[in-house]
Amino acid sequence: MEKETLIEKAFEAKRKSYAPYSNFHVGAALLTKDGKIYQGANIENSSYSLTVCAERTAAFAAKLAGETKFQAIAITSDSNDFTPPCGACRQVLMEICGEDLEVILVKPDKESKSFKLRELLPYSFGSKQLNDV
Ligand code: THU
């Protein structure tokens, strides 16, 4: 899978965003180890706190489809700066995709930069804590 293809899928997902309140449209494309892509976009709600971010809609779709092994997620918005995942999404991605996930941030002009999820969420809380009581 070409990185460019994953990035294109994130741009395509952004066009499906439902963000009438913030007007901040975010797209995500999550790549499994065997090459499948799950798209996500932010879905807002008039009861603002019920909004779900693009990264989480992608991760939940993949999880519901039974996926267990992931390579990378590309994330983009209309901001001229990079759009890093919020703290809640980092925690959810850690749970569903694991610390080795490559997180590719993409500007509208397609400039990108990548991190490992463990760099974005160091010393994270997880099932290891729950299992150690
Ligand atoms: N948003 C995302 O989709 N992903 C993030 O990681 C940050 C924020 C969305 C939520 C909301 O719909 C809009 O961007 C403004 O916060």
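First listed ligand is number 1; within each ligand, the first listed atom is number 1.
Ligand 1 is surrounded by Ser22, Phe24, Val26, Asn42, Glu44, Thr51, Cys53, Ala54, Glu55, Pro84, Pro85, Cys86, each with at least one heavy atom closer than 4.0 Å.
For the 3.5 Å distance criterion, the side chains of Asn45 and Thr51 fail to qualify, holding no donor opposite an acceptor. Under 3.5 Å, the side chains of Gln91 and Ser124 contain no donor-acceptor pair of N or O atoms. Thr32 and Asp34 share a side-chain donor-acceptor pair at under 3.5 Å.
Residue Lys128 qualifies as enclosed at atom NZ: its count of foreign heavy atoms under 6.0 Å is above 12.
For Asn131, the side chain to side chain contact (heavy atoms under 4.5 Å, CB included) partners are Ser127, not counting sequence neighbours.
Contact check on Glu67 versus Lys36 returns a salt bridge, with a Lys/Arg side-chain nitrogen under 4.0 Å from an Asp/Glu carboxylate oxygen.
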